[in-house]
Every structure is written in structure tokens, then in C-alpha cells.
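In what follows, a structure is listed as C-alpha cells, so that the remarks can point back to it.
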Amino acid sequence: MEYLIRHIEDYAKLSEYEKENMLLFVKKRHFEKNEIMFTEGKIANEIYFVTKGCVRLFYNVDGKDRTAFFYTDGQFICAGESYTYNVPARENYQAIEKTEIYVFDKANIEKLLEVSSKFELIARIATENELIVCQRIIASFVTKSAEERYIELLETNGELFQRVPQQYIASFLGVSPETLSRIKKRVLSKGNS
């Protein structure tokens with residue numbers, strides 16, 4: 001919980017009373033490796049905060065999983081459209097490794113808001129995080145080749161290559177696993193030149 005509180009306090013300092021209420025209304029949950037956390041078609045009424053682990057956001061497209069993003073320690077997760085507009089979600093979330101999250105459900109967020117308006121930050125930070133994620137994904141696919149996306153991922157979040165199965169990395173980059181292997185070889189040979 002301290003990690004979560006420190007993260008929130010990057011935006012607003014919390015009183016001891018506010019922290020005590022977070023302990024009452026925010027619940028810790030654990031997921032096993034490969035466990036599905038949330039599935040499409042449901043109405044999202046929770047916001048998650050990852051304290052340990054890695055979570056994959058994916059969509060089912062014509063019966064195939066398409067990975068859109070990976071969330072790691074210190075990131076909020078929210079099926080934004082579903083959460084905000086009470087419509088069935090299109091996304092799925094899966095724990096890629098043993099994962100620990102804190103869960104803010106809508107009812108408890110309302111209770112926290114009665115304690116302090118500072119808790120509006122949680123929903124705002126979570127939805128802003130989702131917006132930024134979406135904008136980065138769109139910009140990456142519009143402006144970069146698969147090889148450039150691979151290099152960017154390597155530079156910005158290289159640890160994912162040790163944490164995430166390669167087929168999910170390939171899907172995230174929009175290529176087949178075979179194409180990912182060729183990209184890796186090209187990048188490695190350029191690096192050794």
C-alpha cells in the first residue's frame with residue numbers, strides 16, 4: 001500500500017486520515033501467471049494499480065489475441081470506455097507473471113470521495129494513463145516501422161523481453177513471431193557492425 005500511496009502523493013499529499021481510509025476501501029488482489037483478470041463483454045467497475053508483476057492488455061480479433069500493451073509496476077489500469085460509460089468492455093487483461101494489484105471499485109471510490117476530493121485524482125490519473133497509452137500506441141503504428149517499434153521497446157522497456165513470451169511481443173509489435181526473429185537478427189547484426 002505504501003508504494004501506491006507514494007505514487008498518488010506524486011500528485012497530491014494525503015493526510016493520515018485519507019491514508020487510513022485507503023486501507024479500508026482499497027483491496028489487494030493477487031493473480032497467478034497467465035490468469036485472466038478481466039474479460040471483454042463485462043462492464044468495468046474497477047480501476048487497478050499494479051504493484052508487482054506484468055499485465056497484458058489484449059483484444060480478440062477474429063478469434064486471435066492481439067496484444068495492445070503491457071502494464072508493469074506503478075501503472076494504473078482501467079477499461080476506460082466501459083468504466084466511464086457503463087458499456088461492455090472490448091478489452092481483456094491477463095497477468096503475464098505472478099501479479100499483485102490494488103483494486104479501486106466504483107462503490108469504494110465513492111466512499112473515498114466522501115472522505116476527500118483528493119481521491120478524484122485516482123480516477124483521473126487512471127483514465128489519463130489510458131489515454132496516454134492509446135496515443136502512444138497509435139502514434140507508434142502510424143509513424144514507425146515494426147523494426148523501429150522493436151528498437152523503441154528495447155530502449156524504453158527492454159526488461160519485457162525477459163518477462164513476456166515472445167509471441168505476445170510479436171503481437172504487440174504487429175508482426176508474426178517469425179518476423180520478430182528476423183527483426184531481432186537484423187538489429188543485432190547492425191549493433192555488431
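- With sequence neighbours left out, the salt bridge (Lys or Arg N to Asp or Glu O under 4.0 Å) criterion links Asp65 to Arg56.
- Glu110 places no side-chain N or O within donor-acceptor distance of the main-chain N or O of Ala107, the cut-off being under 3.5 Å.
- Between Gln167 and Leu180 the shortest side-chain heavy-atom distance does not fall below 4.5 Å.
- Within the 3.5 Å criterion, the main-chain N or O of Gly63 finds no donor-acceptor partner in the side chain of Asn60.
- Hydrophobic clustering of Ile, Leu, Val, Met, Phe, Trp and Tyr side chains at less than 4.5 Å, counting indirect connections, keeps Tyr168 apart from Phe58.
- Distance check: Leu153 CG to Glu159 CD gives 10.0 Å after rounding to the nearest 0.5 Å.
- Residues meeting the side-chain contact (heavy atoms from CB on, under 4.5 Å) test with Arg186, sequence neighbours left out: Glu147, Arg182, Ile183.
- In the hydrophobic clustering, where aliphatic and aromatic side chains (Ile, Leu, Val, Met, Phe, Trp, Tyr) are joined below 4.5 Å either directly or transitively, Tyr85 groups with Val87.
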Listed pairs under 3.5 Å, donor-acceptor, residues 29-37 side chains, sequence neighbours left out:
unit_1: Arg29; atom_1: NH2; unit_2: Glu46; atom_2: OE2; d: 3.0
unit_1: His30; atom_1: NE2; unit_2: Glu100; atom_2: OE1; d: 3.3
unit_1: Glu35; atom_1: OE1; unit_2: Glu32; atom_2: N; d: 2.8

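- Follow the hydrophobic side-chain contacts under 4.5 Å out from Phe49 and you reach Leu23 in the same cluster.
- With sequence neighbours left out, Arg66 forms a side-chain contact (heavy atoms from CB on, under 4.5 Å) with Val61, Lys64, Ser171.
- Applying the ring pair (Phe, Tyr, Trp, His ring centres under 6.0 Å) test to every pair with at least one member in residues 93-141, sequence neighbours left out, gives no pairs at all.
- Screening residues 149-158 for salt bridge (charged side-chain N to carboxylate O under 4.0 Å, His left out) gives Lys144-Glu152 as the qualifying pairs, with residues at least two apart or on separate chains.
- Annotation for Tyr59 and Asn92: closest pair CA-ND2, 4.1 Å, computed over non-hydrogen atoms.
- Shown here for Ala95 and Thr99, the closest heavy-atom pair between the two residues is CB-OG1, 3.6 Å.
- With sequence neighbours excluded, the residues that form a ring-ring contact (aromatic ring centres under 6.0 Å, His included) with Phe161 are Tyr150.
- Not a single donor-acceptor pair under 3.5 Å links the side chain of Thr179 to the backbone N or O of Val175.
- One distance of note links CD1 of Ile169 with OG1 of Thr67; it measures 8.5 Å at 0.5 Å rounding.
- Judged as a salt bridge (Lys or Arg N to Asp or Glu O under 4.0 Å), and not counting sequence neighbours, the contacts of Glu16 are Lys19.
- A side chain to side chain donor-acceptor pair (under 3.5 Å) check over residues 2-15, counting only residues at least two apart or in different chains, returns the pairs Ser15-Glu18.
- Of all heavy-atom pairs spanning Ala44 and Ser82, the tightest one is N-OG, 2.7 Å.
- Nearest heavy-atom pair, Phe38 versus Ala89, reported as atom, atom and distance to 0.1 Å: CE2-CB, 3.4 Å.
- Counting all heavy atoms, side chain and backbone alike, Cys78 lies closest to Ile47 at SG-CG1, 4.0 Å.
- Taking the side-chain contact (heavy atoms from CB on, under 4.5 Å) definition, one finds that Asn21 meets it with Tyr17, Leu24, Phe25, Leu112, Val115, sequence neighbours left out.
- Contact detail for Lys106 and Tyr83: the closest heavy-atom pair is NZ-O, 2.6 Å.
- Looking at residues two or more places apart in sequence or on another chain, you find a side-chain contact (heavy atoms from CB on, under 4.5 Å) between Ala12 and Lys118, Leu121.
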